2 protein chains.
Amino acid sequence: MIDQKKPDTKQRLLDGALAAVREHGVSGTSARTIAAAAGVNQALVFYHFGSVDDLLGAACRQATEQRVAHYADRFAAVTSLRELLQVGRTLHAAELAQGNVSVLAQMLAAAQSNERLAEPIRATFALWTGEIETVLRRVLTGSPIAEVADVPGLAQAISAAFVGLELFEGVDAAGGRRSMEAIDQLAVLVEVMDELGPLATRVLRSKIKKRL
Amino acid sequence: MIDQKKPDTKQRLLDGALAAVREHGVSGTSARTIAAAAGVNQALVFYHFGSVDDLLGAACRQATEQRVAHYADRFAAVTSLRELLQVGRTLHAAELAQGNVSVLAQMLAAAQSNERLAEPIRATFALWTGEIETVLRRVLTGSPIAEVADVPGLAQAISAAFVGLELFEGVDAAGGRRSMEAIDQLAVLVEVMDELGPLATRVLRSKIKKRL
DNA sequence: GTCTATAGTAGGATAGAC
DNA sequence: GTCTATCCTACTATAGAC
């Protein structure tokens, strides 16, 4: 926040942390593997970040910020749910090629029983949900879906589902792709729903009344 | 598979492994913590299972088998997507109350960079997807969705998404519930789609043609 | 700020007594 | 099959020289 002219050790550690998670997984990541990836001394992890967990949290957050910023214009250009999914798939493919398929996902898993990691991960996750929420709100304007859906909740659900898919793909690549295709097909349904317009809206409303 | 009359040490280790993951998370789970939870000696982990990873894989598999069996009749009674989701939510709530919200999810994360863990986890995951696939195939019979959707792929996507939601809920309980609600609302849409029947089917088909 | 060295701890795994 | 004892490795974290 204060000094922007130090892309040195501190930044190398942040990058090294991500590299370590990519290569060894969260459980295989330590101050030593991070330092090795960063090409710096192991003790500097503690000097600059206090603990491994704090470094991991910071690294995850920074990386996500950059990633979100990098995709901001693409998100802004989205005009339909399928396009949103398309951006998601592109993003996913890029992460995959870059090797950090599931860095956030693994952090999320590690955060389950690590309160020190949980807070930064929550914040990181919120960066994604925020972005998606904005898109959803714009895309769903005038759609019957907007009348039923809790947009923030939906944004969280989408983000969470995406994380699950990343984890699954990490263990079963073919299955992951297939799942993605299946969701894409489902998105067609939602669009059809939108195109039905007034009729769907009417049926929808009555359906909702029954439900409440 | 051979001896069913030994609910002793081996079983205690299997249970202890799950207990350890529940309590300490995957990263905090070791032969020692497992043995402590099981009330047996640490060396027995290696005598009976060879390695901690093998024990974890076996434990996850067995637990999932039991869980799937326990919910088999409830799955069999499902007649709509919303009911499927309802069963999913019940199941989720039960897991939550029992404390093993995200055992499978955490295993999946750990398996990302651990081939020894990956294979059993893949198999375990397949138990869930298989169950869901059966339900989907039955529920979607005659539905326009069935004509678009790759059912096995969809089953995998649903399972994976569920895992993601579990991880999210583990870090943000309120957010997790809200996501679940949002999905529930979306499910209404799908049902409306089904009820539209012939019209939707027609629109759907033309939409698909455009897409291909 | 960065390095070496090291204390202290915990974990995987095995040997060997029982 | 189960336990004790133990080896070795790897980790977090700090102290102190530079």
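Order of the sequence lines fixes the chain letters, A, B, ..., with proteins taken first and strands second; residue numbering starts at 1 for each chain. Given the structure is predicted, the values throughout are model-derived calculations rather than measurements.
Residues passing the side chain to side chain donor-acceptor pair (under 3.5 Å) test with A:Asn41: none are found, sequence neighbours excluded. With sequence neighbours excluded, no residue satisfies side chain to side chain donor-acceptor pair (under 3.5 Å) with B:Gln86. Qualifying side chain to side chain donor-acceptor pair (under 3.5 Å) partners for B:Arg138, counting only residues two or more places apart in sequence or in other chains: none. The side-chain contact (heavy atoms from CB on, under 4.5 Å) test applied to A:Ala111 returns A:Leu117, A:Ala118, A:Ile121, B:Val171, not counting sequence neighbours.
Between the CG atom of B:Leu13 and the C1' atom of D:dC3 there is a distance of 14 Å, given to the nearest Å. Rounded to an integer number of Å, the gap from CG of B:Asp8 to P of D:dT2 is 7 Å. Rounded to an integer number of Å, the gap from CG of A:Leu44 to P of C:dA5 is 15 Å. Rounded to whole Å, atom C1' of C:dT2 lies 12 Å from atom CZ of A:Arg12. A straight line from NE2 of A:His24 to P of D:dC11 spans 9 Å, rounded to a whole angstrom.
Considering only side-chain atoms of A:Asn41, the nucleotide from D:dC3, C:dT4, C:dT2 that sits closest is C:dT4.
Of the options A:Glu83, A:Glu181, A:Glu95, a salt bridge (charged side-chain N to carboxylate O under 4.0 Å, His left out) to A:Arg89 is made by A:Glu181 and by none of the others.
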Readout for nucleotides 6-18 of chain C: B = base within 4.0 Å of protein heavy atom, S = sugar-phosphate only, - = neither; 5' to 3' it is -----BBBB----
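Within the structure, salt bridge (Lys or Arg N to Asp or Glu O under 4.0 Å) contacts touching residues 33-48 of chain B (residues at least two apart or in different chains) do not occur.
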